[in-house]
Amino acid sequence: MILVNTEEVKGREIVEVLGLVRGSTIQSKHLGKDILAGFKTIVGGEITQYTEMLDEARQVAIDRMVKQAQERGANAVVNIRFATSAIMQGAAELLVYGTAVKVK
């Protein structure tokens, strides 16, 4: 599966547009990670626990989007975008979406 954030795949021709595909996941803070993150805010620097959590969430969302694209017969997804939103205190949704296409 080819995944790009551009309107086309360089060197390939889009032969069919199959429509919007998306994947999402909702992640909540783990109490232990939240406590460690609180300590990190005192001294400053990257909060690696949250970086890792968001990396995992992005991969889950991408995998779900790819699965949806494959089910439609796509071999590429173009115009990929990411969005996040707070669902409730301590939980956030990570959404990835794009256009499923067939390229040759």
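Being a predicted model, the structure only gives us computed values, none of them experimental. Nothing fancy with the numbering, it's 1 onward along the sequence.
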With heavy-atom distances below 4.5 Å as the criterion, would you say the side chains of Val78 and Glu8 are in contact? no
So CD1 of Ile62 and OG1 of Thr25: to nearest 0.5 Å the spacing works out to 12.0 Å
Just so I know, are the side chains of Arg58 and Val96 near enough to count as touching, which here means a heavy-atom distance under 4.5 Å? no
Mind checking the CG-CG spacing from Asn79 to Asn5? Nearest 0.5 Å is all I need. 8.0 Å
Leu94 and Ala61 have their tightest heavy-atom pair at CD2-CB, 3.9 Å
Taking side chain to side chain donor-acceptor pair (under 3.5 Å) as the test, write out the residues that go with Arg12, two or more places apart. none
Sub-4.5 Å side-chain heavy-atom contact between Gln59 and Asp63: yes
Please round to the nearest 0.5 Å and tell me the distance separating atom CG of Leu20 and atom CD of Gln68. 7.5 Å
In this structure, would Phe82 and Tyr97 fall into the same cluster of hydrophobic residues linked by side-chain contacts under 4.5 Å? no
d(Leu95 CG, Arg22 CZ) to nearest 0.5 Å is 7.5 Å
Heavy-atom check, side chain of Val66 versus side chain of Val77, under 4.5 Å: no
Under a 4.5 Å side-chain heavy-atom rule over Ile, Leu, Val, Met, Phe, Trp and Tyr, are Val21 and Val17 clustered together? no
Would you compute the distance between atom CE of Met65 and atom CD of Gln70 and round it to the nearest 0.5 angstrom? 10.5 Å
So, do Gln27 and Leu54 sit near enough that their side-chain heavy atoms are less than 4.5 Å apart? no
A side-chain contact here means heavy atoms from C-beta on lying under 4.5 Å apart; do Ile14 and Val9 qualify? no
May I ask whether Val103 and Met1 are part of the same hydrophobic cluster, defined by side-chain heavy atoms of I, L, V, M, F, W, Y residues being less than 4.5 angstrom apart, directly or through others? no
